[in-house]
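Have a look at the structure below, then the notes.
Everything numeric in this text was worked out from a predicted model, so none of it was measured.
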Amino acid sequence: MADFTVGKYLAARLEQIGLKHYFMVPGDYNLVLLDELLTNENLEQIGCCNELNAAYAAEGYARVNGAGAVLTTYNVGAYSALNGVAGAYAERLPVIFVSSGPNTNDPVANHIMHHTMGTHDFSDQYEVCRQVTCDAVRILHADNAPTLIDQAISTALRERKPVYIEIACNLSAAPCPEPAPVDMTLASTMLSWQPTNPQALTGAVDQARQLLEKAKKPVLLAGAHLRSYGAVDAFRELAEALGCAVAVMPNAKGFFPEDHPQYAGIYWGEVSTPGCQAIVDWADLIVAAGPVFSDYTTVGWSAQPAQQRMISAEPQVVRFDGAEYTGVALADFLSDLAKKVPGNDATLRQFHRLRGDAPAAAPAPEADADTPLSRRELWRQIEADLDAHSTLLVETGISWWDGVYTRLPGGARFEIEMQWGSIGWSVPAAFGYSLGLEPGRRLVAAIGDGSFQLTAQEVSNMIRHGQEILIYLVNNRGYVIESAIHDGPYNYYKNWDYAGLIDVFNADDGRGLGLTATTPAELADAIATARAHRGGPVLIECQIPNEDAGPEVISWGSKVAHVNSRPAQNI
């Protein structure tokens, strides 16, 4: 026991759940804890420019690795991280949020401590963090550390949400028992993260089977929670058993292969891909798996499927019109249903008729080489550059639409933060995501100029770690998505020399590369240069007109604006 400490215990558990990296910003309360974690040579400590970026990075890492961790100092650090932690909650990603707290002797001594609001109550941070996590614990005695750490981490993995662990600063190096051997690997947790109630599962599957047998034209709809709850493969199993058309919600893009013969496109109400809204609206039964029907994903509630013709399979509950079965794991329901459903390809055949039995739409025509760069041409070239080993990550803003409408080749992945929708997320999230990538896979990020200004510093850490990320910086000089909802002078800001900023971050030893593209020819040359560049990220500043936004953005924005501006109703 003398050789083990609270900090070493935490490090061991982080390693056991599959982490190879964790993100942090040092502060005087957590310095000893960071020392203790450094003794674990199987974990790499990754410093970030600020705590918000560190939390975003941990969220991005959790997307590709299954879980992430962020460490901050008390109050001034933890409160800065809250936005990223809340985003992980909204996006259903298990992030272990660890903060150090004041010395255990200070509350009883009635001390006023620095990094506090000058009161004697040191529970304020814990109470705040409880609101954005699925479990929160305070370690105020070393003897309690093993139980509380295990409780929090296991809850994060089970619930697929962040948890909060506060460790008093004088306990980080305090002796505690060595971690008992336990199978807490992410692989095993994802397979049995929360047990299914067998009777509820049988009831849900039987009722769904009966509805599918009666349905003349069923369709499948993939939702954002498929990945978080380990159900992507089970969803495909069900799709291939049914043989029907398969639509995908915008925040679930990439969870069903776009080169699959049953793929019918993105369902997003009136801004759906061609033919997709028509086939979903035509269906007499929608099996929605892991959906999140928000004002954004339903285009201001205009594309909310009627409960009377929907089976909604969600984490731990399957909802029918007039019945619910709780305690049913999403993957178990989809997989068991796949073994009992009759085949019915009516919606797939109708989708092909709607599309004229034609192959996928031809790529957009190439623009003249020396004309001003347009949004359409920018995304034509981005799409052409993607391959099976690419992951496309898009920032909140008009990159949502252009990214969602981009055709992914088989094997490519897609990342979007639509539920939380926090501008600035993508730069540090891309940094964290890249650290979790397997060898041979490349990360391509599309980021708006306004969003980039919020968290641009983290590009310096991409340079520090030699990450070969390709960033398309869309410089359209304004928050175009905000203008689509409600325009005003507040949507415009000071322009930057974005490409030139990379030289600032390089300083005297960096290998980052900043390029500028104002024409199709310049963009093509920049992409070729980026493909050949090694040892650091490449940022291509793509200058397009502010008013160059697709009609889908305008349509979506008007619907969301209407929802936001509804007059108050007396209850």
Side-chain angles (χ1 to χ4, degrees), residues 14 16-20 58-69 88-96 134-135 153-163 182-198 200-201 204-205 208 220-242 246 248-249 251-257 260 287-292 311-319 325-339 391 411 413-419 433 436-438 441:
L14 295 180
Q16 285 176 325
I17 65 167
L19 271 61
K20 296 179 175 62
E59 190 258 37
Y61 187 83
R63 287 170 177 262
V64 68
N65 188 67
Y89 192 107
E91 300 290 325
R92 298 301 187 264
L93 294 162
V95 169
I96 315 303
C134 66
D135 194 19
I153 292 177
S154 61
T155 302
L157 297 179
R158 183 177 66 250
E159 300 293 335
R160 315 309 298 163
K161 298 171 185 174
V163 293
V182 59
D183 185 11
M184 290 180 63
T185 62
L186 284 177
S188 64
T189 302
M190 286 299 290
L191 290 174
S192 58
W193 68 276
Q194 193 160 347
T196 285
N197 180 320
L201 175 62
V205 169
L220 275 179
L221 181 62
H225 286 166
L226 282 175
R227 178 177 63 183
S228 296
Y229 296 91
V232 170
D233 291 341
F235 178 79
R236 180 167 178 171
E237 183 184 354
L238 176 59
E240 292 174 348
L242 272 171
V246 178
V248 175
M249 296 184 73
N251 50 352
K253 181 180 173 71
F255 296 169
F256 189 79
H260 194 284
V287 182
V292 179
I311 300 170
S312 184
E314 303 164 23
Q316 287 298 296
V317 60
V318 182
R319 304 182 195 276
Y325 294 85
T326 58
V328 179
L330 179 58
D332 291 344
F333 171 75
L334 298 176
S335 184
D336 280 20
L337 183 59
K339 298 175 177 64
T391 295
R413 300 176 191 162
F414 185 78
E415 297 293 343
I416 189 170
E417 191 210 40
M418 181 165 283
Q419 178 59 35
Y433 191 96
L437 277 179
E438 69 270 27
R441 182 164 285 273

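The side-chain contact (heavy atoms from CB on, under 4.5 Å) test applied to A88 returns E59, L93, V95, P162, not counting sequence neighbours. Here S335 pairs with E237, K339 under the side-chain hydrogen bond (donor to acceptor under 3.5 Å, both in side chains) rule; sequence neighbours left out. Remark: R413 engages E438 in a salt bridge (Lys or Arg N to Asp or Glu O under 4.0 Å) (not counting sequence neighbours). For E415, the side-chain hydrogen bond (donor to acceptor under 3.5 Å, both in side chains) test picks out R63, R227, Y433, with sequence neighbours left out. Partners of E417 by salt bridge (Lys or Arg N to Asp or Glu O under 4.0 Å), not counting sequence neighbours: none found. For R319, the salt bridge (Lys or Arg N to Asp or Glu O under 4.0 Å) test picks out E314, E324, with sequence neighbours left out.
For the pair F235/L220, a side-chain contact is recorded, criterion being any heavy-atom separation below 4.5 Å from C-beta on. Taking the side chain as every heavy atom from C-beta outward, K20 and Y61 approach each other to under 4.5 Å. A 4.5 Å side-chain heavy-atom check between R236 and D233 finds every atom pair outside the cut-off. Side-chain atoms of V205 and Y325, non-hydrogen and from C-beta on, never get closer than 4.5 Å to each other. Proximity of N197 to T326: side-chain heavy atoms (C-beta onward) are nowhere separated by under 4.5 Å. For the pair Q316 and Y229, the minimum side-chain heavy-atom distance is 4.5 Å or more.
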Given R441 and T391, is the side chain to side chain contact (heavy atoms under 4.5 Å, CB included) satisfied, shown in steps? CA-CA 7 Å; R441 182 164 285 273; T391 295; 3.5 Å; yes
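I17 approaches A67 most closely through the heavy-atom pair CD1-CB, 4.4 Å. Nearest heavy atoms, P291 versus H225: O-ND1, 4.5 Å. Nearest heavy-atom pair across A241 and A338 is CB-O, 3.3 Å. The minimum heavy-atom distance between L19 and G68, with the atom names listed, is CD2-C, 3.9 Å. Annotation for A90 and Q419: closest pair O-CG, 3.6 Å, computed over non-hydrogen atoms. Of all the heavy atoms in A208 and F333, the pair that sits closest is CB-CZ, 3.8 Å.
Between F256 and H260, the ring-plane angle classifies as tilted under the 30° and 60° cut-offs.
The CZ atom of F414 lies 9.5 Å from the CG atom of N251; values are rounded to the nearest 0.5 Å. For the atom pair CG of D332 and CG of L337, the computed distance is 12.0 Å after rounding to the nearest 0.5 Å.
For S312 (side chain) and A288 (main-chain N/O), no donor-acceptor pair under 3.5 Å exists by modelled atom type. Within the 3.5 Å criterion, the main-chain N or O of R92 finds a donor-acceptor partner in the side chain of S228.
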